[in-house]
Amino acid sequence: MGLFVDEHPDEAFIVRAALMSSFIALLVGGLMGTIQALHRTGFVQVIDNSTYYTVLTLHGVSLVILFAIFFLVGFFQWAITDSLGRGAVDPRLTKAWYGLMTLGSLMAGIAILGGFTDITSMSADVLFTFYAPLEAHPLFYAGLAVFIVGTWLAGVDWFRSWWLWRKANPGERTPLRTFMVLTTMLMWYLATTGVAIAVIFFLLPWSLGLVDSVNALLTRTLFWFFGHPVVYFWLMPVYMMWYVILPKLAGGRLFSDPLARIVFVLFLVLSVPTGIHHQYLDPGIAEGFKFLAMSNTMFLLLPSLLTAFTVVASIEHGARQRGGTGYFRWLTALPWNKPAFTGMALAGLMFAAAGFSGMVNAGMNLNYLVHNTMWVVGHFHLTVGTAVALTFMAVTYWFLPEITGNSVFSERLGLVQVVTWFVGMVLMANAMHRVGLGGEPRRTADPFYEGVTFDTALGSIGELHLQIALGGLLLTVSLLLFMAHVFLTWFDVASRPAPKPETLPPALSGPEHAPAVLGNLRLWTGIAIALIVLTYTLPIAAIVSGNGLFGNAGVLAWGVETLVSLTAGVVG
Amino acid sequence: MQIHRYEKLWFGVSLLLIVGFIATITYGAVGAGIQMVGDEGGTVDPGEIGDYEIRDGTTFSDIQEPQATHVEGDSYEVAVSSQQFIFNPGTSEPIQVPENSEVTIYTSSPDVIHGIKLPGTNVNTMVIPGEMTKITVEFDEPAEYGIVCNEFCGAGHETMAGNLEVVPEDEWEGDA
């Protein structure tokens with residue numbers, strides 16, 4: 001076995017391209033974050049308040065759509081190719097999906113950047129959630145649609161590789177990494193139908209002036225149909241890294257292959273029928289539907305709680321293989337000098353904290369205290385901003401040699417980078433949670449209102465704002481260190497000796513222990529669809545019957561009226 | 001399939017935790033009577049919020065006053081238009097409700113999506129064009145609260161705020 005780049009040079013090229021796109025988005029989005037952390041705390045304001053929302057849109061879209069998903073497709077391309085031991089069926093398809101994703105990103109990006117200048121009236125200051133009737137330039141919606149179609153084709157590409165592999169290897173269990181990719185993509189197909197319908201049938205025609213209005217609650221509901229499962233789309237590659245790479249780095253192997261599969265099946269089944277938990281406070285959706293979404297959400301804690309056990313157990317096993325002993329002393333036997341290990345372990349730790357704030361968010365009644373406050377922003381900077389982003393950055397120190405053939409520039413510098421991210425995020429996310437409890441709203445350029453005060457239980461708002469700004473600055477330092485490090489490794493500036501190829505060890509309890517039904521993707525997808533139908537049919541029917549498909553002045557209302565008068569004419 | 005004893009135990013405890021969460025929230029809703037936003041307000045034409053019928057013979061615009069309208073006993077009503085970038089009433093003069101009252105707030109939007117939050121309380125709801133938000137809130141002690149819009153509603157969003165005063169009974173000038 002050689003390095004991935006030597007075994008599969010064509011696939012490694014696409015993986016590198018995807019990661020390059022991902023890192024550019026990370027740099028752009030991250031620097032926007034710096035501006036925000038300093039602006040809304042009032043310390044340094046280099047933009048005016050109205051530009052803040054352009055910055056915020058760019059921050060959200062760059063990081064959670066472009067950075068996360070480009071990294072995911074690159075990583076998945078590696079996972080499929082490496083675990084099946086075969087290249088893409090048709091390299092043209094691989095290039096096509098990467099090309100479409102890039103084109104879509106540029107279209108949406110240009111629309112957003114238009115908000116910075118008066119030269120063009122084009123803008124898309126609608127934030128990552130693009131709730132209508134806030135309106136973006138049609139290019140923004142079209143770009144999103146093209147990007148999503150690109151990801152769909154990527155899934156087709158990977159399924160085709162798997163189908164061919166299955167023909168050549170009848171009766172064999174699908175390798176774990178491939179299984180994880182396939183379940184994640186099935187979940188993604190289900191999830192993106194919501195946003196695809198919202199964009200293609202409602203928002204794009206409306207922004208082009210083909211229809212007069214939108215049903216605001218309908219497009220919002222369709223957004224969250226996609227908007228919650230998308231967080232699992234970021235998270236599932238991270239889980240793959242924690243399951244298959246982290247145990248190896250710790251010196252051991254995965255505890256249980258079947259349990260890892262169960263976790264991914266649970267995500268496939270439960271990810272989508274939860275979106276309404278983002279709408280606990282929405283009028284027009286009955287409490288019963290919200291309760292149903294809450295129950296699904298709570299059960300979705302299960303795969304994460306199971307993961308916590310398996311990952312910690314696998315790490316402990318690794319530590320004991322390295323000579324660790326005692327109840328807790330084995331922790332000292334872990335390779336804390338490796339940035340890939342330390343970064344992932346710290347990301348996992350922060351994800352545990354995020355789990356707890358997430359449980360608060362998920363509670364229908366507790367949610368009233370924190371909905372749309374900075375608490376929520378603190379929560380997702382722990383989840384996507386640390387569990388996902390820090391794991392992606394950490395894994396890069398392990399992954400980059402595989403796909404470039406170059407050794408990392410400096411492990412020690414990498415260690416400084418991941419620890420700085422952790423410290424910065426502890427400061428920032430903790431303070432965000434606390435100002436949120438005091439009621440400070442999210443998504444505002446300037447939370448200093450006349451006649452409105454926010455009280456914190458401990459410390460002052462000013463003190464907490466300082467922590468947010470300081471944390472933001474540390475994160476910026478970490479981000480720049482990471483970018484520099486990627487650059488220095490990518491171009492092998494230090495001319496290090498070539499890395500040794502790595503192999504991933506099999507699990508302690510192998511796939512042969514898994515019941516065959518676990519591999520039945522049709523069954524699990526069917527159950528997922530049934531749950532979605534159960535959770536969404538009635539609320540969407542109620543929303544549409546209330547205000548029509550296109551809102552009050554929409555073409556449907558016009559169409560029905562016309563039809564009625566025509567019928568009346570014919571009958572009369 | 002071989003599952004470690006500890007892992008089985010962990011699985012059981014996790015399930016218990018999940019069921020426990022759902023149980024406490026169910027109790028909060030049914031037992032403690034925590035009111036949550038539902039679909040009771042129905043729909044409304046965003047262009048004609050004022051014509052929304054609160055009840056027979058009383059429209060939204062009839063009660064859209066800074067001072068809460070008395071219904072019966074401790075019950076009061078307030079109607080607020082949440083729009084770019086003011087609460088009407090609320091922004092130019094504070095909304096007033098008496099202490100020890102149960103106030104039903106009606107609000108909707110003629111333009112884009114907004115949010116209403118009284119910082120320091122759990123009074124918090126979305127305002128969506130086409131839908132009438134209806135929530136009932138209990139105000140016990142005299143107090144002054146801020147009101148902020150907590151959903152991005154366009155350039156100017158950061159200025160959208162107001163106030164609500166819970167007035168002592170002996171200073172209450174409205175109907176009681």
Side-chain angles (χ1 to χ4, degrees), chain A residues 49-50 53 125 127 131 133-134 215-217 220 255-256 258-259 280-287 290 294-295 298-299 301-302 305-306 309 313 359 363-365 368-369 371-373 438-447 449-455 509 513-515 542 546-547 551-552, chain B residues 1-4 6-7 10-11 14-15 17-19 21-22 24-26 28-29 34 36-39 41-43 45-47 108 111-113 115 117-134 146-159 161 163:
Chain A
N49 281 344
S50 62
Y53 303 107
D125 299 339
L127 312 190
Y131 296 139
L134 283 176
N215 180 334
L217 183 56
R220 181 178 157 87
F255 211 56
S256 162
L259 242 106
Y280 285 156
L281 273 61
D282 281 15
I285 299 178
E287 269 187 68
K290 293 173 179 169
M294 181 188 73
S295 305
M298 291 295 184
F299 278 101
L301 286 174
L302 195 60
L305 288 166
L306 292 180
F309 183 94
M359 291 173 197
M364 265 174 90
N365 42 13
Y368 280 72
L369 189 63
H371 177 82
N372 273 355
T373 68
E440 185 176 312
R442 64 187 283 200
R443 296 185 149 181
T444 175
D446 179 11
Y449 301 91
E450 221 173 290
V452 181
T453 51
F454 305 108
D455 296 318
S509 166
H513 294 130
N547 268 327
N552 276 341
Chain B
M1 186 165 87
Q2 176 200 344
I3 299 179
H4 196 279
Y6 288 162
E7 199 156 19
W10 178 264
F11 186 89
S14 299
L15 271 183
L17 180 79
I18 290 168
V19 174
F21 277 145
I22 298 176
T24 58
I25 290 158
T26 310
I34 297 174
M36 287 179 258
V37 183
D39 60 351
T43 59
D45 184 339
S108 193
D111 39 55
V112 300
I113 295 180
K117 163 98 177 163
L118 271 56
T121 74
N122 62 357
V123 179
N124 195 351
T125 182
M126 300 302 301
V127 187
I128 299 176
E131 310 290 331
M132 180 60 73
T133 302
K134 181 182 173 189
I147 307 173
V148 295
C149 173
N150 66 6
E151 185 54 80
F152 172 63
C153 55
H157 161 60
E158 69 281 353
T159 63
N163 290 93

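In the text below, chain A, chain B and the rest are named by the order of the sequence lines, each starting its count at 1.
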Which of the residues [options] is involved in the greatest number of heavy-atom pairs with chain A at under 4.5 angstrom?
options                      : value
B/Leu15, B/Ile128, B/Thr159  : B/Ile128
B/Ala155, B/Gly38, B/Gly146  : B/Gly38
B/Asp111, B/Thr43, B/Ile25   : B/Ile25
B/Thr125, B/Ile147, B/Val127 : B/Thr125

*Provide the closest heavy-atom pair for A/Gly438 versus B/Pro119 in the form atom of the first, atom of the second, distance.*
O-CB, 4.0 Å
*Might you point out which heavy atoms bring A/Ala445 and A/Tyr53 nearest each other, and give the distance in Å?*
N-OH, 3.2 Å
Quick one: what part of [X] sits under 4.5 Å from any heavy atom of chain A, side chain, backbone, both or neither?
X        : value
B/Thr121 : backbone
B/Leu118 : neither
B/Val148 : side chain

Any donor and acceptor pair, going by atom type alone, linking the side chain of [X] with main-chain N or O of [Y] inside 3.5 Å?
X        : Y        : result
B/Asn122 : A/Leu369 : no
B/Thr133 : B/Met126 : yes
A/Lys290 : A/Asp282 : yes

Choice from [options] maximising heavy atom contacts with chain B below 4.5 Å:
options                                : result
A/Ser295, A/Pro283, A/Gly284           : A/Pro283
A/Leu301, A/Asp446, A/Asn372, A/Asn49  : A/Asn372
A/Leu302, A/Asp125, A/Thr453           : A/Leu302
A/Arg442, A/Glu287, A/Glu440, A/Met294 : A/Glu287

Residue [X] versus chain B: region with a heavy atom under 4.5 Å:
X        : value
A/Phe255 : side chain
A/Asp455 : neither
A/Leu305 : both
A/Phe454 : side chain
A/Met364 : both
A/Phe309 : both

*Is NZ or CZ of A/Arg220 both nearer than 6.0 Å to the six-membered ring centre of A/Tyr131 and within 45° of the ring axis?*
yes
*Can you measure from OG (A/Ser509) to NE2 (B/His4) and round to the nearest 0.5 angstrom?*
11.5 Å
*Hey, could you give me the CD1/CD distance between A/Ile285 and B/Glu131, rounded to the nearest 0.5 Å?*
8.0 Å
*Determine whether B/Ile22 and A/Phe299 make a side-chain contact, defined as any pair of heavy atoms from C-beta on separated by less than 4.5 Å.*
yes
*Do A/Thr373 and B/Lys117 pass the side-chain contact (heavy atoms from CB on, under 4.5 Å) test, and can you show the C-alpha distance, the side-chain angles, and the key distance before you say yes or no?*
CA-CA 9 Å; A/Thr373 68; B/Lys117 163 98 177 163; 4.0 Å; yes
*Full working for side-chain contact (heavy atoms from CB on, under 4.5 Å) between A/Leu259 and A/Leu306*: CA-CA 8 Å; A/Leu259 242 106; A/Leu306 292 180; 4.3 Å; yes
